[in-house]
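Okay, structure first, notes after.
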Amino acid sequence: MSVKTMLFHLQKSLFLLVFKESAFYTNVPHMTVEQLEKAYEAAKYEEKIYKEWEDAGAFNPDTLTKKRKESFTIAMPPPNVTGQLHMGHAAMLAIEDLMVRFERMRGKKALWVPGLDHASIATQNVVEKKIWKEEKKTRHDLGREEFLKRVDVFVQESKNVIRTQIKKMGASCDWSRERYTLDEGLSRAVRTMFVRMYEDGLIYRGNRIVNWCTRCASTLADDEVNYREERSRFYYLKYGPVVIGTARPETKFLDKVIVVHPDDTRYMEFVGKKFDVEWIDGKVQASVVADAIVDPAMGTGAMTITPAHSFEDFLLAQKYGFAVHQIIGMDGKMTEAAGGMAGMPVAECRAKVVERLQQKGLIDHIDENYVHNLSVCYRCDTPIQPLVSKQWFVAVDKKPKNGGKSLKARSIDAVRKEKITIVPDRFNKTYFQWMDNLHDWCISRQLWFGHRIPVWYCKGNQESGIGNHGTEKSPNSLFIIHDSKTCPPIVQIDPIKACPSCGSKELEQDPDTLDTWFSAGLWTFSTLGWPMNQSQSSGSGHATKKNDLQTFHPTSVMETGYDILFFWVARMIMMTTYALDEVPFKTVYLHGLVRDKFGKKMSKSKGNGIDPLDMIAKYGADAVRLSLIIGGTPGNDVRLYDEKIAGFRNFVNKLWNIGRFVLSQPSSSSERSESRSSLPAGRQVDQARTITLADRWILSRLQRVIVSVTDDCAQFRFSQAGERLRDFTWGDFADWYLEIKKIEGDPNDFLLSTFDFLLRLWHPYTPYVTEVLWEHLHETCNMKRETLLILAEWPKSEKKYIDIASENAFALLQKSVMVIRNARAIYRIPAATKLNVMIAARAQFSLFAENQSIIARLANLASCTVTKEAERPNDAVPLSVGKSVIYLLVGGIVDVVKEQERIKGEIEKQMAYVSNLEKKLSNEEFTKKAPAEIVEQERAKWEVAREELERLREFLA
RNA sequence: GGGCGGCUAGCUCAGUUGGUUAGAGCGUUACAUUGACAUUGUAAAGGUCACAGGUUCGAAUCCUGUGCCGCCCACCA
């Protein structure tokens with residue numbers, strides 16, 4: 001007999017079905033999977049499972065089936081080799097692994113390239129500190145070569161630590177393609193890029209004002225400068241005919257130009273004139289110019305300019321051709337421009353200058369509460385000295401000699417023309433704003449650790465332009481880049497033996513290294529083998545796969561924190577669009593910062609950080625992953641704390657126990673499943689022996705979940721997809737479906753196949769526990785496990801299994817149970833008191849008749865009698881469910897007054913709802929203008945609500 | 001100075017193009033307890049969706065303004 005005919009017969013029949021409690025215990029199965037511990041012990045499995053994945057070659061797209069056509073690539077943002085991974089990295093890994101696993105299961109050729117960044121300035125600082133602490137030596141004490149050796153030792157250790165940490169998170173990245181920014185291959189890419197850009201006129205060397213960190217003894221890019229609010233003194237100084245304001249009197253030794261606003265009536269008479277002025281070291285001759293750059297409201301509206309130590313003044317000096325004098329040296333001490341104070345540290349000199357000015361009566365007054373932003377180094381927090389020096393720059397506005405648009409124009413186009421989508425899209429605005437304001441990028445760093453600039457200077461002919469610090473020798477002739485007697489610098493990929501201009505063999509390589517973001521900017525394509533396409537060994541000993549660049553570039557998604565949108569993402573777009581004339585990635589997905597429970601940024605110094613490894617050890621990697629994925633949205637910061645992770649650990653444990661239960665059911669035992677070879681869900685519909693309403697309901701719900709989870713993941717809505725899955729798993733599947741299966745006994749394959757699908761759907765989120773359960777699923781069912789879950793197919797939904805009638809029917813069943821439970825709680829009927837219930841089922845007779853035992857069991861009833869129609873029995877509490885009425889036969893237990901109150905309350909609520917709907921439906925504007933289906937929907941709601949209201953009124957009568 | 005984000009239940013947060021009687025987790029309250037799971041189950045309480053206007057038949061959602069919190073950029077002679 002088919003299910004349909006069976007249902008038909010049930011509906012036809014009028015007999016009373018009375019549930020007998022004892023019937024339930026005959027089919028209760030016994031556990032067959034005692035070997036599985038009651039609570040999931042993540043630590044027991046994780047390492048083993050990771051190894052299985054690796055051994056199966058699951059991370060390497062080359063070993064996957066040839067059927068995979070479309071590629072999916074993520075270049076992992078390379079962690080710095082400075083040390084430990086933090087929760088930000090963990091978030092990055094969780095999200096990227098989710099994406100890669102999802103796409104891999106969807107049949108794509110999925111590649112996730114792992115790697116590490118040498119992080120020149122950060123790493124050098126760490127190692128310098130370490131050496132100082134242990135040996136009280138500076139890098140200069142060791143010398144360049146020895147120092148770099150020490151760095152290398154540190155880096156090797158650090159790399160191992162980080163690799164292990166990445167693996168602990170379950171990251172399914174292809175270790176055979178691991179890269180390091182200082183690998184030979186990548187270094188070659190860097191040099192190639194440098195030379196190409198130089199030849200294209202996009203890299204130049206020039207004397208310009210730069211941010212100088214005296215502690216790091218290096219330049220910093222504009223975006224490597226942080227600002228710190230500071231209260232300091234602001235000095236008003238008498239300077240000839242005017243009073244000028246400054247916070248830095250120690251820079252003012254050689255100031256000779258007063259600048260005022262052209263419209264400032266106070267100073268108009270002075271413009272264009274010259275004055276002899278008594279100043280720090282005696283008399284100087286000052287001239288006055290007018291320029292609109294001056295803000296008349298600022299200070300006194302008059303200022304003197306110090307071109308070598310202020311960005312704005314430098315621009316002015318260039319504009320008017322004023323001399324540029326270095327006052328503060330690269331070492332943070334005064335130059336000979338300070339006369340008798342040469343060699344003095346800045347702070348000391350300031351005090352001395354102020355003292356002298358005081359003596360000379362040149363101080364008008366001092367503002368003690370001047371608040372301004374002090375620029376500091378983003379690495380070591382040392383105040384920045386803006387100063388002029390000879391550095392290498394990338395020209396962002398210039399068109400390449402070989403044609404095409406400027407770097408800036410290319411980068412803007414890539415996003416504006418939607419070749420790159422930024423998620424969330426509000427960061428488009430931030431990106432454009434930054435790009436619009438971008439100045440030439442200073443790429444040379446006076447560091448030892450990093451990519452050495454591939455430029456050689458000829459020393460044979462004459463003292464060359466070596467030493468960016470030429471200023472130290474001749475502070476007043478800064479604008480000579482190299483004079484005509486000098487051979488031009490030699491810029492090329494590989495070292496050479498002799499100067500091509502003069503043949504001299506006395507060559508010296510530029511001592512500086514490149515900004516770490518220069519190499520990072522090439523990351524998506526240098527890791528794939530550019531500029532060499534053939535098989536070739538890279539420095540780390542891994543082979544560069546042939547055609548990787550062609551197969552996997554542009555990459556699919558760049559997933560990283562929004563805090564490095566400028567540092568890195570923008571640079572990659574700039575460099576890649578120039579080098580390859582294609583975008584580095586199609587989508588940029590920006591995650592937020594991981595913060596502590598109080599919303600504070602986690603940091604080592606504050607000690608408020610949570611170590612991912614501790615959390616993994618305590619709660620398991622799956623729980624940590626969930627806690628970083630669910631509950632947040634892209635671009636917004638997430639708070640993370642112990643209890644939160646514990647909550648997700650609870651869910652993982654729930655999933656585990658769902659597995660234990662499912663696998664303990666007789667349908668999964670081997671004698672039942674001898675012929676079963678696989679479990680693609682859905683197929684069982686045709687094979688199953690008994691199909692119940694619950695089966696059809698769960699199958700239908702599953703289809704919807706597959707659709708929404710797939711769609712959400714494809715749209716990067718990982719949190720939403722996860723919540724949807726959790727609700728389905730814990731609510732629909734565990735709380736309802738499994739409970740009903742216990743009652744129905746004799747479970748069919750729906751149980752197994754739905755569980756099978758659940759494992760697949762959860763796998764990208766919780767790879768470990770699902771893989772363990774997947775193994776047990778196959779073992780228990782005596783099935784051959786064709787693949788690991790990591791390589792299993794992503795579920796597809798099938799429309800034909802969406803069964804609205806069953807969903808509606810099941811919803812009524814659920815409501816019946818909930819309404820009874822609710823009444824029991826309201827009337828404080830103890831759980832031990834088993835109630836009798838009579839249902840006047842009316843049009844839903846067959847539904848209730850067929851499922852009376854389920855209602856009885858779930859609602860904890862002694863008996864459940866289903867009739868078509870029934871008079872209200874005495875002492876019965878009536879409950880309304882759809883068109884049916886449930887009578888709780890409570891005898892004399894219930895307080896009549898209380899019951900009347902309960903019903904009155906419900907009526908009141910219902911009346912408000914109904915009248916609301918009526919108001920809406922009687923509004924012609926609504927019925928006329930709203931879409932027909934919305935109107936219809938509201939009308940349907942109204943009918944149901946009205947009916948319910950009527951029934952409630954009857955109850956009161 | 002320019003820009004961005006947040007403000008939704010006690011707490012942490014969802015809420016896809018405007019149409020639900022506004023949701024989840026944690027916490028709280030009450031009840032339950034030997035076979036999947038107490039890392040559990042059942043039920044409940046709890047919200048004028050920051051505020052003020054506007055657009056619309058209809059606004060947590062769109063527009064304008066205000067307030068508070070946070071962030072980014074620029075700049076400070």
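Note on naming: letters A, B, ... go to the chains in the order of the sequence lines (proteins, then strands), and numbering restarts at 1 for each one. Since we're looking at a predicted model, the values are computed, not measured.
Contacts of A:Phe755 classified as ring pair (Phe, Tyr, Trp, His ring centres under 6.0 Å), with partners at least two apart in sequence or in another chain: none. When the side chain to side chain donor-acceptor pair (under 3.5 Å) test is applied to A:Lys429, no partner is found at least two apart in sequence or on another chain. Residues forming a salt bridge (charged side-chain N to carboxylate O under 4.0 Å, His left out) with A:Glu807 (at least two apart in sequence, or on another chain): A:Arg704. A:Asp727 pairs by the salt bridge (charged side-chain N to carboxylate O under 4.0 Å, His left out) definition with nothing, not counting sequence neighbours. Residues satisfying the side-chain contact (heavy atoms from CB on, under 4.5 Å) test with A:Ile293, not counting sequence neighbours, are A:Asp291, A:Glu312, A:Leu316. With sequence neighbours excluded, no residue forms a salt bridge (charged side-chain N to carboxylate O under 4.0 Å, His left out) with A:Arg639. Taking A:Asp732 as the reference, A:Trp697, A:Ile698, A:Arg701, A:Phe728 meet the side-chain contact (heavy atoms from CB on, under 4.5 Å) condition, with sequence neighbours excluded. For A:Arg426, the side chain to side chain donor-acceptor pair (under 3.5 Å) test picks out A:Asn636, with sequence neighbours left out. Partners of A:Asn428 according to the side-chain contact (heavy atoms from CB on, under 4.5 Å) rule, which considers only residues two or more places apart in sequence or in another chain, are A:Val415, A:Ile422, A:Asp425, A:Phe432.
Listed for the A:Arg857 side chain is no donor-acceptor partner under 3.5 Å among the backbone atoms of A:Ile743. At least one donor-acceptor pair under 3.5 Å links the side chain of A:Asp637 to the backbone N or O of A:Leu593. The closest donor-acceptor contact from the side chain of A:Thr770 to the backbone of A:Trp762 lies at 3.5 Å or more, if one exists at all.
Between A:Tyr589 and A:Phe718, the ring-plane angle classifies as tilted under the 30° and 60° cut-offs.
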Test ring pair (Phe, Tyr, Trp, His ring centres under 6.0 Å) on A:Tyr562 and A:Phe427; report intermediate values, then the result. CA-CA 8 Å; A:Tyr562 64 76; A:Phe427 282 99; 5.8 Å; yes
I'd like to compare against my own output: the B/S/- annotation of nucleotides 67-77 of chain B with a strict under-4.0 Å heavy-atom distance to protein. -----S-BBBB
Starting at the 5' end of nucleotides 16-29 of chain B, put B wherever the base has a protein heavy atom under 4.0 Å, S where only the sugar-phosphate does, and a dash everywhere else. B--BSB--SS----
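A distance of about 12 Å separates the P atoms of B:U42 and B:C26, rounded to the whole Å. Here, B:G15 and B:U61 have their P atoms 15 Å apart, quoted to the whole Å. To the nearest whole angstrom, the two C1' atoms, one in B:C7 and one in B:C13, are 12 Å apart. Of the P atoms belonging to B:G27 and B:C11, the separation is 15 Å, rounded to the nearest Å. The gap from the P atom of B:A74 to that of B:G19 amounts to 40 Å, rounded to the nearest Å. Annotation: B:U8 and B:A22 have their C1' atoms spaced 8 Å apart (nearest Å). If you take atom C1' in B:C69 and the same atom in B:A50, they sit 11 Å apart, rounded to whole Å. When the P atom is used for both B:U16 and B:G5, the distance is 15 Å, rounded to whole Å.
Mapping A:Leu738 and A:Met818 onto RNA chain B via the closest heavy atom, the residue that lands nearer the 5' end is A:Leu738. Each of A:Lys597 and A:Arg426 was assigned the nucleotide of RNA chain B with the nearest heavy atom; the assignment lying further toward the 5' end belongs to A:Arg426.
Atoms CG (A:Leu640) and C1' (B:C11) sit 15 Å apart, rounded to a whole Å. The distance from atom CG of A:Asn653 to atom P of B:G41 is 10 Å, rounded to the nearest whole Å. In this structure, CH2 of A:Trp736 is placed 19 Å from P of B:U40, rounded to the nearest angstrom. When rounded to the nearest whole Å, the span between CG of A:Leu590 and P of B:G5 equals 14 Å. In this structure, A:Glu924 atom CD and B:C57 atom P are separated by 13 Å, rounded to whole Å. In this structure, A:Trp942 places its CH2 atom 22 Å from P of B:G58, rounding to the nearest Å. One atom, CZ of A:Arg828, and another, P of B:A30, lie 9 Å apart when rounded to the nearest Å. In this structure, A:Phe716 atom CZ and B:A14 atom P are separated by 19 Å, rounded to whole Å.
Phosphate proximity of B:U42 to A:Asn860: absent, as no side-chain N or O sits under 4.0 Å from OP1 or OP2. A close approach under 4.0 Å does occur between a side-chain nitrogen or oxygen of A:Arg821 and OP1 or OP2 of B:A43. Residue A:Lys742 places at least one side-chain N or O under 4.0 Å from the OP1 or OP2 atom of B:A36. Here A:Lys38 reaches the OP1 or OP2 of B:C37: one of its side-chain N or O atoms lies under 4.0 Å away. Regarding contacts with the backbone of B:U39, every side-chain N or O of A:Arg649 stays at 4.0 angstrom or more from both OP1 and OP2. For the pair A:Arg824 and B:C31, the criterion of a side-chain N or O lying under 4.0 Å from OP1 or OP2 is not met.
Among the atoms of the strands shown, none is found under 4.0 Å from any heavy atom of A:Gln715. No contact: A:Thr300 has no heavy atom under 4.0 Å from any strand.
Residue-to-nucleotide contacts include no donor-acceptor pair under 3.5 Å from the side chain of A:Lys429 to the base of B:C4.
Pairs of Watson-Crick or G-U wobble type, with distances under 3.5 Å, assemble into runs of 3 or more in RNA chain B at these ranges: B:1-7 with B:67-73, B:10-13 with B:23-26, B:28-32 with B:40-44, B:50-54 with B:62-66.
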